[in-house]
Amino acid sequence: MCSSDLLGMAGPAERYALVRRVLERATPARPVILRLEDVQWGGDALAFADAVLRSQEEEPLPVLFVMTARAEALAERPVEALQISEIMGVGPAASWVEVRPLGEHEQVQLVEGLLGLGGELADQVRERSGGNPAFAVRLVGDWVSRGILEVRDDGFSLRPGAQAELPDDLHAVWDARLDRALAALGERAHLARIALEVAAALGPEVDEGEWGAACAAAGVVVPSGLVERLVSERLVAPVERDEEELIWAFSHGMLRESVERRSEEH
């Protein structure tokens with residue numbers, strides 16, 4: 001039986017003690033930076049970090065935890081979200097840093113410099129990735145794997161007749177997220193889906209008055225509380241509100257693309 005099997009069989013206290021001993025052996029020469037990625041899916045890792053932080057006064061350990069969490073995924077993980085809140089409440093030893101989408105200049109550097117795209121295709125990647133470098137790399141990677149790019153003087157571009165569709169795996173991720181968010185609406189989820197397909201056809205930003213009129217023309221009633229539900233799940237965000245109507249936007253261009261793709265498939 002290997003050590004990983006033994007670790008898996010141990011209880012939380014035993015696992016944390018073992019990992020702590022490993023860190024203690026690594027820290028005499030210099031402090032250690034421990035990176036924990038996507039902790040919205042790592043309750044055990046969060047519990048370990050919390051235990052170490054709370055024991056610092058009695059058993060100081062020169063370790064810096066750098067933990068990353070995806071805000072949109074964290075909305076669906078209430079237990080892990082509570083764990084993170086508890087870690088933030090430990091004191092000045094813990095702090096939260098929001099990593100915002102890349103700015104326009106940084107997006108240009110990524111898309112044109114690192115990924116080697118130019119012209120209209122570079123603009124398309126910047127728009128579709130919404131400042132998220134991982135999405136930009138994944139999108140271009142899908143095009144490379146499908147062999148639909150060709151080299152031109154200003155960089156890569158799509159081959160004639162090729163379709164730069166949303167990758168299947170990204171579509172599945174956004175589609176599943178939307179399904180989970182709409183599940184709370186019960187029997188009205190189907191109507192909500194159709195209403196969102198109408199909204200996606202109107203553009204990245206949706207005026208509630210225009211949306212309501214378009215849905216009425218299509219014979220669709222927008223379920224009450226739909227926008228509020230999507231805002232709470234970080235799938236849409238308010239842009240502007242006047243005395244009568246709200247303008248909201250899809251949180252990500254790929255979400256809108258996913259809604260449009262499902263609409264076309266139906």
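Quick caveat: nothing in here was measured; it's all calculated off a predicted structure. For this chain, numbers begin at 1 and follow the sequence in order.
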*Asks:* Restricting to side-chain hydrogen bond (donor to acceptor under 3.5 Å, both in side chains), what partner residues turn up for Glu265, sequence neighbours left out?
*Replies:* Arg261

*Asks:* Give a yes or no on whether Leu178 and Leu191 share a hydrophobic cluster (residues Ile, Leu, Val, Met, Phe, Trp, Tyr; joining criterion: side-chain heavy atoms under 4.5 Å apart).
*Replies:* no

*Asks:* Give me the ring orientation class for His252 and Phe135: parallel if the planes are under 30° apart, tilted from 30 to 60°, perpendicular past 60°.
*Replies:* perpendicular

*Asks:* Okay, side chain of Ser85, backbone of Ala81: is any donor-acceptor separation there less than 3.5 Å?
*Replies:* yes

*Asks:* Begin with the C-alpha distance, continue with both residues' side-chain angles, and end with the deciding distance and a verdict on side-chain contact (heavy atoms from CB on, under 4.5 Å) for Val259 and Trp174.
*Replies:* CA-CA 8 Å; Val259 173; Trp174 287 111; over 6 Å; no

*Asks:* Who are the side-chain contact (heavy atoms from CB on, under 4.5 Å) partners of Val22, not counting sequence neighbours?
*Replies:* none

*Asks:* Which distance, rounded to the nearest 0.5 Å, do you find between the CG of Leu255 and the CZ of Arg234?
*Replies:* 15.0 Å

*Asks:* Would a 4.5 Å heavy-atom cut-off, applied to side chains only, mark Arg138 and Asp169 as touching?
*Replies:* yes

*Asks:* Is there a continuous path of hydrophobic side-chain contacts, each under 4.5 Å between heavy atoms, that joins Ile194 to Val206?
*Replies:* no

*Asks:* If every non-hydrogen atom of Ala94 is compared with every non-hydrogen atom of Ile87, which pair is closest and at what distance?
*Replies:* CB-O, 3.3 Å

*Asks:* If you look only at pairs with a residue in residues 76-110, which of them pass as a ring-ring contact (aromatic ring centres under 6.0 Å, His included), with sequence neighbours excluded?
*Replies:* none

*Asks:* Would you mind listing every salt bridge (charged side-chain N to carboxylate O under 4.0 Å, His left out) that reaches into residues 181-204, with sequence neighbours excluded?
*Replies:* Asp175-Arg193, Asp179-Arg193

*Asks:* Please list all pairs passing the salt bridge (charged side-chain N to carboxylate O under 4.0 Å, His left out) test where one or both residues lie in residues 17-26, with sequence neighbours left out.
*Replies:* Arg20-Glu24

*Asks:* What are the two closest heavy atoms between Val111 and Val125, and how far apart are they?
*Replies:* CG2-CG1, 3.9 Å

*Asks:* For Ile84 and Met67, run side-chain contact (heavy atoms from CB on, under 4.5 Å): C-alpha distance rounded to whole Å, both residues' side-chain angles, the deciding distance at 0.1 Å, then the answer.
*Replies:* CA-CA 10 Å; Ile84 293 175; Met67 299 181 286; over 6 Å; no

*Asks:* Suppose we screen for salt bridge (charged side-chain N to carboxylate O under 4.0 Å, His left out). Which residues come up paired with Glu57, at least two apart in sequence or across chains?
*Replies:* none

*Asks:* Test of understanding: with side-chain hydrogen bond (donor to acceptor under 3.5 Å, both in side chains), list the residues that count as partners of Asp207, not counting sequence neighbours.
*Replies:* none

*Asks:* Tell me which pairs pass ring-ring contact (aromatic ring centres under 6.0 Å, His included) where either residue lies in residues 13-44, with sequence neighbours left out.
*Replies:* Tyr16-Phe48

*Asks:* Drop me the distance from Glu260's CD to Leu196's CG, to the nearest 0.5 angstrom.
*Replies:* 12.0 Å

*Asks:* Hey, any chance Met254 and Leu202 share a hydrophobic cluster, counting ILVMFWY side chains that come within less than 4.5 Å of each other, even indirectly?
*Replies:* yes

*Asks:* Any side-chain to backbone donor/acceptor pair from Gln56 onto Leu61? Under 3.5 Å, distance only.
*Replies:* yes

*Asks:* Taking ring-ring contact (aromatic ring centres under 6.0 Å, His included) as the cut-off, I'd like each qualifying pair that reaches into residues 196-239, sequence neighbours left out, listed once.
*Replies:* Trp211-Trp248

*Asks:* How far apart are the closest heavy atoms of Leu182 and Ala189, and which atoms are they?
*Replies:* O-CB, 3.4 Å

*Asks:* Going only through I, L, V, M, F, W and Y residues with side-chain contacts under 4.5 Å, is there a path from Val220 to Leu230?
*Replies:* no

*Asks:* Are Leu235 and Leu246 connected into the same hydrophobic cluster when the rule is that any two of I, L, V, M, F, W, Y join if their side-chain heavy atoms are below 4.5 Å apart?
*Replies:* yes

*Asks:* Show the nearest heavy-atom pair for residues Leu102 and Gln107, with the distance to one decimal.
*Replies:* O-NE2, 3.0 Å

*Asks:* Specify the closest pair of heavy atoms between Ala69 and Gln40, including all atoms of both residues, with the distance to one decimal.
*Replies:* CA-OE1, 3.2 Å

*Asks:* Mind listing the closest non-hydrogen atom pair of Met88 and Ser95 along with its distance?
*Replies:* SD-C, 3.8 Å

*Asks:* Glu37: what forms a side-chain hydrogen bond (donor to acceptor under 3.5 Å, both in side chains) with it, not counting sequence neighbours?
*Replies:* Arg35

*Asks:* Taking only residues two or more places apart in sequence, or in another chain, which ones meet Trp143 in a ring-ring contact (aromatic ring centres under 6.0 Å, His included)?
*Replies:* none

*Asks:* Could you check whether any side-chain N or O of Glu205 sits under 3.5 Å from a backbone N or O of Ile247, counting only pairs where one atom can act as donor and the other as acceptor?
*Replies:* no

*Asks:* Is the shortest heavy-atom distance from the side chain of Glu80 to the side chain of Val39 under 4.5 Å?
*Replies:* no

*Asks:* Walk me through whether Val227 and Glu208 qualify under side-chain contact (heavy atoms from CB on, under 4.5 Å).
*Replies:* CA-CA 10 Å; Val227 174; Glu208 279 200 330; 3.8 Å; yes

*Asks:* Measuring from atom CZ of Arg262 to atom NE2 of His171, what distance do you get when rounded to the nearest 0.5 angstrom?
*Replies:* 7.5 Å

*Asks:* Atom CG in Leu170, atom CG in Leu139: separation rounded to 0.5 Å?
*Replies:* 7.5 Å

*Asks:* Counting only heavy atoms not in Leu64 (residues, nucleotides, ligands), do more than 12 fall under 6.0 Å from its CG?
*Replies:* yes

*Asks:* I'd like to know whether Arg70 forms a side-chain contact (heavy atoms from CB on, under 4.5 Å) with Asp38, so could you lay out the CA-CA distance, the side-chain angles of the two residues, the decisive distance to 0.1 Å, and finally the verdict.
*Replies:* CA-CA 7 Å; Arg70 303 181 189 180; Asp38 288 330; 3.0 Å; yes

*Asks:* Which residues pass the salt bridge (charged side-chain N to carboxylate O under 4.0 Å, His left out) test with Arg177, not counting sequence neighbours?
*Replies:* Glu76

